[in-house]
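Written out below as structure tokens is the structure these notes cover.
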Amino acid sequence: MGPRLELTPCQLTSPGSPVSLAAECGKLTVPEDRGAANGRNIDLRVAVVRAVSRAPWPDPLFFLTGGPGQAATESFVTIQAAFRRVRRDRDIVLVDQRGTGGSNPLRCPAGDESDVWLLDDEDIEPWVERCLDSLEGDPRFYTTSIAMRDLDDVRRALGHERINLYGVSYGTRAALTYLRLYPDRVRSIVLDGVVPPTETLGIDVARDAERALDLMMGRCSADPSCAKAFPEIGKAVDDVMARLDTPVPISLRHPRTGEIVSVELDRRMAAYAIRLLSYSQETVATIPLLLTSARENDLAPLAAQFLMTVGGVSETMSDAMGISIVCTEDYPFFEDDLIAERSRDTYLGAIQTDALKLVCPSWPRGEVPQGFRAPVKSSVPVLLLSGEADPVTPPENAEIVHSQLDRSLHIVAPGQGHVVIHRGCISSLASNFIEKGTFDGIDTSCVDRIAPRAFFTSFAGPLP
């Protein structure tokens, strides 16, 4: 007898978003340690967004979100419009991966610093101890492979023989892992912002962020209004970072609470903000203005963006789950020489990897199954999506996976950042692909008409 999953009506919401979505929700109980039959159980939160059609196709779309640490039932709410056409004929299934959202979330206690990457070295070990003491769960069992076994339990409980997968960012690693474990259960896959199985998360983070910033600067220099407003944008990053080697005290109104707060803005905080602003074309458009203002001694707008970005991340991420994934699946494969080479002469430097080197040695580590990091071989059709200026999963990542699969198509959205399913005609192309189960005959020429947003030349916005 398989697992049981009863669903009842519910409303899905996402932190910081006014949008909600009607669905049917339930809990599926699974063992925390799949090797211990009588061990502790945990509940997985599952939501099904029903198809509009009264006779939906039997193979739904499972949505696998990113982070690692985001909750599918939350992040889908903000991107639901891109799946409107898929939903006409298919249910969409959302499973909060164990350790996230409503599935026994693993979150460290909030403190003055909400992100471990920004702690001083001597503060990291006590932070790790406090976090581990607070967790209701064993981090060793919060890995991608175990989570994909959970996902297959949900598939069986819902009674589906085969499914379609959409994975975004870290969710692409999850989707490829599921494909490796259950190749006969998958009809089609869309991967958006690709993490190849052979990729070690973290090693290339500074290089990829620098590449995205360089593309942004080149685009600004080629744009007459941006070049006129910010003629020395190429020097702004270096000048601002050098200035912030010594923290600068700033008093400003908090952009999320409206309260007057004091911040000591430093290099790490500025780099953190710039990197996260690079993810989306809407926020990329503000970077030349923010950097130039900071260079001209007005650091408050950059500090405000730091508060906005770090607050948004902490609301949507189960940080301890993300650390569990990276410390098990990536940290053991860190190569110091490679990290030094790829972070040299970058604005971000080795902030993130240096922190992981202090966190991971004392973090309980799970097991990586044999073959976990090998290329996935499959004849299942896979549509690969990339943003040209993605600061974390650049198009070269998707090209690696593209070269390893029998049937795949790679689409690159011009000038775009991280996650492109909702850009221009791409949601329509992805819907066509999922409907047909093949990309044969799909015309992708409309992608060439996608263009990034105009740069802000003042805090009033772009020139008309």
Side-chain angles (χ1 to χ4, degrees), residues 67 69 108 110-128 131 201-214 216 235-252 254-256 261-279 283-284 286-287 290-295 297-315 317 319 322-323 326-327 331 334 336 339-340 342-360 391-392 418:
C108 301
D112 294 336
E113 296 279 3
S114 55
D115 196 305
V116 67
W117 321 125
L118 302 174
L119 293 175
D120 292 330
D121 289 357
E122 62 271 22
D123 294 327
I124 289 182
E125 186 175 346
W127 182 91
V128 170
C131 180
L201 287 176
I203 281 186
D204 293 329
V205 64
R207 181 198 66 175
D208 294 341
E210 190 76 18
R211 171 187 171 277
L213 192 68
D214 287 345
M216 182 279 294
K235 289 186 60 182
V237 176
D238 292 341
D239 291 350
V240 171
M241 291 300 166
R243 165 98 188 271
L244 293 175
D245 277 336
T246 301
V248 177
I250 301 168
S251 179
L252 74 158
H254 197 293
R256 298 171 69 88
V261 296
S262 296
V263 173
E264 284 209 338
L265 187 68
D266 63 22
R267 182 189 185 103
R268 293 176 303 175
M269 297 157 73
Y272 189 96
I274 292 169
R275 176 172 178 260
L276 292 183
L277 290 170
S278 299
Y279 273 53
T283 48
V284 166
T286 68
I287 292 177
L290 289 168
L291 288 173
T292 301
S293 296
R295 187 172 180 240
N297 213 29
D298 184 5
L299 289 160
L302 186 57
Q305 287 302 317
F306 166 75
L307 294 173
M308 282 285 288
T309 53
V310 75
V313 169
S314 63
E315 278 186 354
M317 288 284 186
D319 49 1
I323 292 171
V326 174
C327 287
Y331 170 72
F334 275 15
D336 289 344
I339 291 171
R342 296 188 180 176
S343 59
R344 187 177 302 124
D345 299 327
T346 64
Y347 75 87
L348 193 63
I351 295 173
Q352 188 164 327
T353 47
D354 283 351
L356 285 168
K357 289 177 185 176
L358 296 173
V359 170
C360 289
V392 63
H418 195 49

Compare every heavy atom of [Y] with every heavy atom of [X], then report the nearest pair and how far apart it is.
{"X": "Ile287", "Y": "Ser278", "value": "CD1-OG, 3.8 Å"}
{"X": "Lys357", "Y": "Tyr331", "value": "CA-CE1, 3.9 Å"}
{"X": "Ala271", "Y": "Tyr347", "value": "O-CE1, 3.6 Å"}
{"X": "Ala206", "Y": "Leu348", "value": "CA-CD2, 4.0 Å"}
{"X": "Phe334", "Y": "Leu201", "value": "CE1-O, 3.6 Å"}
{"X": "Leu265", "Y": "Ala303", "value": "CD1-CA, 4.1 Å"}

Start with the C-alpha distance between Arg267 and Ile351, add both sets of side-chain angles, then the distance that settles side-chain contact (heavy atoms from CB on, under 4.5 Å), and finish with yes or no. CA-CA 10 Å; Arg267 182 189 185 103; Ile351 295 173; over 6 Å; no
Side-chain heavy-atom pair [X], [Y] within 4.5 angstrom cut-off:
{"X": "Arg275", "Y": "Val392", "result": "yes"}
{"X": "Val326", "Y": "Val359", "result": "no"}
{"X": "Leu358", "Y": "Leu119", "result": "no"}
{"X": "Val261", "Y": "Leu252", "result": "yes"}
{"X": "Leu244", "Y": "Met269", "result": "no"}
{"X": "Ile274", "Y": "Val240", "result": "no"}
{"X": "Ile339", "Y": "Ile203", "result": "yes"}

What is the distance from atom [atom1] of [X] to atom [atom2] of [Y], rounded to the nearest 0.5 Å?
{"X": "Ile124", "Y": "Leu356", "atom1": "CD1", "atom2": "CG", "answer": "9.0 Å"}
{"X": "Ile323", "Y": "Cys108", "atom1": "CD1", "atom2": "SG", "answer": "5.0 Å"}
{"X": "Asp121", "Y": "Asp354", "atom1": "CG", "atom2": "CG", "answer": "7.0 Å"}
{"X": "Leu213", "Y": "Leu291", "atom1": "CG", "atom2": "CG", "answer": "7.0 Å"}

**Message:** Within the supplied structure, the quantity of interest is the number of heavy atoms (other residues, nucleotides, ligands) at a distance under 6.0 Å from Asp345 CG; does it exceed 12?
**Reply:**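 Check fails, neighbour count at 12 or below.
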- [ ] Using a cut-off of 6.0 Å, state whether more than 12 heavy atoms not belonging to Glu264 lie near its atom CD.
- [x]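 Result for CD/Glu264: enclosed.
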Salt-bridge test for Arg295 and Asp238: reply yes if a basic N is under 4.0 Å from a carboxylate O, no otherwise.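 No, Arg295 and Asp238 are not salt-bridged.
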*salt bridge (Lys or Arg N to Asp or Glu O under 4.0 Å) with Arg342: which of Asp336, Asp204, Asp208?*
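For Arg342, the salt bridge (Lys or Arg N to Asp or Glu O under 4.0 Å) test succeeds with only one of Asp336, Asp204, Asp208, which is Asp204.
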Q. So, Ser293 side chain and Leu290 main chain: donor-acceptor pair closer than 3.5 Å or not?
A.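 Checked: no pair found.
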Mark yes or no for whether Asp266, through its side chain, and Arg268, through its backbone, hold a donor-acceptor pair below 3.5 Å.
->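 Judged by distance alone, yes, a pair lies under 3.5 Å.
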### Message
Tell me every residue that passes side chain to side chain donor-acceptor pair (under 3.5 Å) with Arg256, counting only those two or more places apart in sequence or in another chain.
### Response
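Residues passing side chain to side chain donor-acceptor pair (under 3.5 Å) with Arg256: Glu315.
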